Amino acid sequence: MTLKLFNTLSGKLEEFVPLNPPEVKIYTCGVTVYDESHVGHGRSLIVFDVFRRFLEHLGYQVRFVRNFTDVDDKIITRAKEECKDFMEIADRYIARYYEDTQFIGIRPANVEPRVTDHIPEIIELIQKLIEKGFAYATPEGNVYFSVEKFKDYGKLSKRSVDELIAGARVEPGEDKKNPLDFALWKRSKAGEPAWDSPWGKGRPGWHTECVCFVFKHLGETIDIHGGGLDLIFPHHENEIAQAEALTEKPFARYWMHNGLVIVNGQKMSKSLGNFVTLKEIYTKYHPDVLRILVLSVHYRSPLDFFWEKMENAKKVYERIRQAVEDYEKLKELKTYEENLGGVHPLYEFVKETEEGFFKALSEDFKTQEALASYMNLISEMNKLRNKAFKDKKISSQALEAYGYAINSVKNTLRNIFGLLEDVLPRCPVKEVVKKELEPASAVVDKELINLLVEVRQMAREKKLFDIADKIRARLKEKGIILEDTPFGTKWKRV
RNA sequence: GGCGGCGUAGCCAAGUGGCUAAGGCGGGGGACUGCAAAUCCCUUAUUCCCCGGUUCGAAUCCGGGCGCCGCCUCCA
């Protein structure tokens with residue numbers, strides 16, 4: 001199976017061929033740690049988490065690096081606001097980041113470098129750029145990359161240097177030679193984080209760190225470089241300029257960019273106050289619901305977030321989970337031998353589902369189509385299950401086939417999509433979330449509910465339906481839903 | 001203004017030259033149920049923003065228009 005990916009660099013769908021198979025080197029730009037992670041970060045993280053799992057499924061040995069930007073203007077501003085050291089802010093939000101990502105099931109990268117741990121390497125890289133004539137230091141103690149020296153500038157974002165100059169904004173007091181030049185090293189003002197360098201006390205500019213991390217942890221040419229669409233210009237363009245100026249080799253063979261999250265049709269921004277944090281989402285929903293939402297949209301399309309969509313995704317999630325849970329109930333039914341004159345038709349359906357799933361992912365990672373493939377299988381399984389519940393028996397052939405299908409659902413959706421994982425162990429301290437995950441345990445007494453259910457069952461047996469319905473209605477007011485199934489009454493929290 | 005992308009049912013979203021236009025949510029009808037819920041079955045776009053063109057044939061390709069979004073400044 002060949003994997004095709006849309007490469008931002010060429011603007012085309014290309015067959016993915018790693019440089020040194022089976023090894024695949026991926027770098028994605030991580031977060032700047034100055035605030036809570038939001039659904040936009042979540043989307044990017046989920047997309048690349050699932051993509052990485054998919055590559056591993058294809059047999060590649062993936063080496064994945066994702067950074068933290070822990071020195072930056074926004075962090076410094078935040079630190080000043082709170083009268084704290086910038087490192088304290090960075091550490092706090094890195095800790096918060098790990099809480100969030102652990103909860104939504106993002107596997108850590110192989111290396112997660114921080115800028116502050118790589119200052120000497122960054123300085124060394126800048127020096128090499130100066131030596132090669134691509135960068136210059138100013139008397140004020142800043143170092144800039146000279147864009148005009150790099151002939152391919154603009155090739156990723158499809159911009160010409162001329163048009164960029166036309167639209168460039170020149171800040172007063174800047175000591176750049178050319179308005180497009182970008183900072184590699186910034187002189188620190190009083191009270192700002194500073195490191196000694198050949199150009200005086202200062203700190204790294206944003207774009208150098210990623211090049212440095214790639215070189216150090218992956219090599220001069222990587223297979224895939226990823227991130228949000230908004231990073232194409234100037235960040236990724238500037239990375240290419242620095243890296244390729246030095247090595248004269250392609251920096252990344254494939255550039256993958258995920259679409260951005262918008263909220264109710266509007267850009268998500270601090271000024272509009274429409275940020276949705278990951279914490280806000282996972283205190284209301286099971287983490288799988290967010291994954292389903294993200295994966296039900298193509299990764300390059302914009303994702304318009306609104307809460308009704310979470311409700312929609314929740315239904316899909318419950319549909320999947322129900323199919324898995326029902327297997328246990330099916331196993332309790334009486335079985336009989338059925339003469340099918342061959343294998344059960346569900347086997348063929350599972351095969352088609354798996355083929356459809358991986359075919360969709362192979363065509364520019366179409367997770368939404370892959371998911372649809374499994375939704376079809378679940379419909380088929382539900383038909384079989386419904387019949388069995390009605391007959392109060394199931395053929396051993398059908399039960400076996402259902403089990404086979406369940407295995408496929410579990411294996412594929414768990415291993416590739418990261419769904420159906422046991423989330424409680426990975427988030428032991430989230431009381432709010434525990435409530436969500438352990439229905440009603442924190443709100444009402446389980447024993448008491450069971451007692452009411454028992455009493456209601458007695459009433460039903462005596463045809464005292466007004467009493468039975470009263471219990472059901474009152475429990476519903478308390479947020480407890482009762483469902484009468486062939487296996488007795490079940491209850492869950494809304 | 002420049003660059004990139006998008007416009008498919010009430011909503012989300014596949015399909016990118018040719019079988020009856022995936023899948024989900026919502027709506028309607030039915031089955032099941034004491035009634036519900038859940039689930040299943042049927043149904044819900046004669047048509048893919050508009051106008052031309054290419055073609056035996058287009059949602060799908062080409063030209064034009066309209067509308068929306070993103071980037072161009074920090075941003076996943």
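This is a predicted model, so every value here is computed, not measured. Chain letters run A, B, ... following the sequence lines, proteins first, then strands; residues in each count from 1.
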Is [N] paired to anything, Watson-Crick or G-U wobble with both distances less than 3.5 Å, and if yes, which nucleotide?
N	answer
B:rU73	none
B:rG17	none
B:rG67	B:rC6
B:rC40	B:rG30
B:rA58	none
B:rU46	none

Between protein and nucleotides 13-17 of chain B, what N or O pairs are separated by less than 3.5 Å?
{"unit_1": "B:rA14", "atom_1": "OP1", "unit_2": "A:Gln368", "atom_2": "NE2", "d": "2.7"}
{"unit_1": "B:rA14", "atom_1": "O5'", "unit_2": "A:Gln368", "atom_2": "NE2", "d": "3.4"}
{"unit_1": "B:rA14", "atom_1": "O3'", "unit_2": "A:Glu369", "atom_2": "OE1", "d": "3.1"}
{"unit_1": "B:rA14", "atom_1": "O2'", "unit_2": "A:Glu369", "atom_2": "OE1", "d": "3.3"}
{"unit_1": "B:rG15", "atom_1": "OP1", "unit_2": "A:Lys366", "atom_2": "NZ", "d": "2.1"}
{"unit_1": "B:rG15", "atom_1": "OP1", "unit_2": "A:Glu369", "atom_2": "OE1", "d": "3.4"}

Of the residues in residues 451-460 of chain A, which ones touch RNA chain B at a heavy-atom distance under 4.0 Å?
->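 Contacts with RNA chain B under 4.0 Å: A:Arg456, A:Arg460.
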
Using only heavy-atom distances, decide whether a donor-acceptor pair under 3.5 angstrom links the side-chain of A:Arg472 to the base of B:rA36.
->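 Present.
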
Donor-acceptor pair (no angle test) under 3.5 Å: A:Asp230 side chain, B:rG70 base |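 Side chain to base: no pair present.
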
So which heavy atom on A:Leu482 is nearest to which on A:Arg456, and how close?
->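 Minimum heavy-atom separation between A:Leu482 and A:Arg456: CD1-CD, 3.8 Å.
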
Report yes if a side-chain nitrogen or oxygen of [X] is closer than 4.0 Å to either non-bridging phosphate oxygen (OP1 or OP2) of [N]; otherwise report no.
X	N	answer
A:Asn382	B:rU39	no
A:Arg300	B:rC69	no
A:Lys315	B:rG26	yes

Quick one: sort the A:Tyr327 and A:Tyr402 rings into parallel, tilted or perpendicular, breaks at 30° and 60°.
->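 Ring orientation of A:Tyr327 relative to A:Tyr402: parallel.
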
Spacing between A:Asp181 atom CG and B:rU73 atom C1', to the nearest angstrom |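 Taking CG of A:Asp181 and C1' of B:rU73, I get 16 Å after rounding.
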
Establish, for the pair A:Arg66 and A:Phe48, whether the NZ or CZ atom is under 6.0 angstrom from the six-membered ring centre and no further than 45 degrees off its axis.
->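 A:Arg66 over A:Phe48 ring: no.
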
Interatomic distance at P, B:rC48 relative to B:rC71, whole Å =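 Between the two P atoms, the distance is 32 Å.
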
For A:Glu14, which of A:Asn7, A:Leu5, A:Leu9 qualifies under side chain to side chain contact (heavy atoms under 4.5 Å, CB included)?
->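 Only one of A:Asn7, A:Leu5, A:Leu9 forms a side chain to side chain contact (heavy atoms under 4.5 Å, CB included) with A:Glu14, namely A:Asn7.
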
